[in-house]
Amino acid sequence: MKVAFATQDMKRVDAHFGWARNIAIYELDPDGYRLLQAVEFAGDLQEDGNEDKLAPKIEAIKDCAILYVAAIGGSGAARVVASNIHPMKVTQPEPIEDLLERLRAVLNGTPPPWLRKAMAKGAARTLDFED
């Protein structure tokens, strides 16, 4: 399953989705995780109401099941959810590796229904790729 993180420093979830300079994308499974891609964004990312800045970010995370953010606007959240990606908001900056470890522990236990659905999204993409 692919998981995306809105980050300014590539170490913590510390960014608003629309304002994030970077999106770190990890592959996560019950055995561990690895960084797949770091997508960098330039320009005036803090311009409110600029919906054009969201399109490349939505494109970058389209294969992800979960997106971790410090904050996300209503329009961004709607577009993320419409792409079948589950947004997760952190209340304060948190290390990406800590979030991955907690998520991995949940995967190895009894995941809640929303996470089982997210995991199924990743599995469906894997099956499509193998066919």
Listed pairs under 3.5 Å, donor-acceptor, residues 96-103 side chains, sequence neighbours left out:
from   : atom 1 : to     : atom 2 : distance (Å)
Glu101 : OE1    : Arg104 : NE     : 3.4
Glu101 : OE1    : Arg104 : NH2    : 3.1
Arg102 : NH1    : Glu94  : OE1    : 3.4
Arg102 : NH2    : Glu94  : OE1    : 2.5

Next on the checklist: Holding to side-chain hydrogen bond (donor to acceptor under 3.5 Å, both in side chains), I want the full list of residues that pass it with Gln92, two or more places apart in sequence or in another chain.
Outcome noted: none
Item to check | Closest heavy-atom pair and its distance - Cys64, Ile85 | outcome: O-CG1, 3.2 Å
Item to check | same_hphob_cluster(Val81, Ile72) at 4.5 Å side-chain heavy-atom cutoff | outcome: no
Next on the checklist: Would Lys2 pass as a cation-pi partner of Tyr26, given that its NZ or CZ must be under 6.0 Å from the six-membered ring centre and within 45 degrees of the axis?
Outcome noted: no
Checklist outcome for this item: Nearest heavy-atom approach of Ala70 to Asp14 is CB-C, 3.9 Å
Next on the checklist: With clusters defined by side-chain heavy atoms of hydrophobic residues (ILVMFWY) lying less than 4.5 Å apart, directly or transitively, does Met10 cluster with Val39?
Outcome noted: no
Checklist outcome for this item: By ring-ring contact (aromatic ring centres under 6.0 Å, His included), Phe17 pairs with (sequence neighbours left out) none
Checklist entry - Quick one: ring-ring contact (aromatic ring centres under 6.0 Å, His included) pairs with a partner in residues 58-107, sequence neighbours left out? => result Phe5-Tyr68, His86-Trp114
Next on the checklist: Are the side chains of Thr7 and Asp9 in contact, using a 4.5 Å heavy-atom criterion?
Outcome noted: yes
Next on the checklist: Taking side chain to side chain contact (heavy atoms under 4.5 Å, CB included) as the definition, give me every residue that meets it alongside Val106, ordered by chain and number, with sequence neighbours left out.
Outcome noted: Pro111, Pro112, Leu115
Checklist entry - Can any side-chain N or O of Lys11 pair as donor or acceptor with the backbone N or O of Pro95 at less than 3.5 Å? => result no
Checklist entry - Minimum heavy-atom separation for Pro93 to Arg12, with atom names? => result CB-NH1, 3.4 Å
Checklist entry - What residue pairs, at least two apart or across chains, pass salt bridge (Lys or Arg N to Asp or Glu O under 4.0 Å) with a residue in residues 30-42? => result none
Next on the checklist: The criterion is side chain to side chain contact (heavy atoms under 4.5 Å, CB included); which residues satisfy it with Ala78, sequence neighbours excluded?
Outcome noted: none
Checklist entry - Does Asn108 reach the main-chain N or O of Pro30 with its side chain, forming a donor-acceptor pair under 3.5 Å? => result yes
Next on the checklist: Quick check for you: to the nearest 0.5 Å, what is the distance between Glu59 atom CD and Leu54 atom CG?
Outcome noted: 13.0 Å
Checklist outcome for this item: Taking every heavy atom of Gln8 against every heavy atom of Trp19, the minimum-distance pair comes out as NE2-O, 3.5 Å
Checklist entry - With distance as the sole test, does Gln37 use its side chain to make a donor-acceptor pair with the main-chain N or O of Ala24 at under 3.5 Å? => result no
Checklist entry - Is there a side-chain contact between Met1 and Leu107, using heavy atoms and a 4.5 Å cut-off? => result yes
Item to check | Closest approach of Ile58 to Ser83 (non-hydrogen atoms, all atoms of both residues) | outcome: CG2-OG, 3.6 Å
Checklist outcome for this item: Smallest heavy-atom separation, Lys89 atom then Ala71 atom, equals CE-CA, 4.2 Å
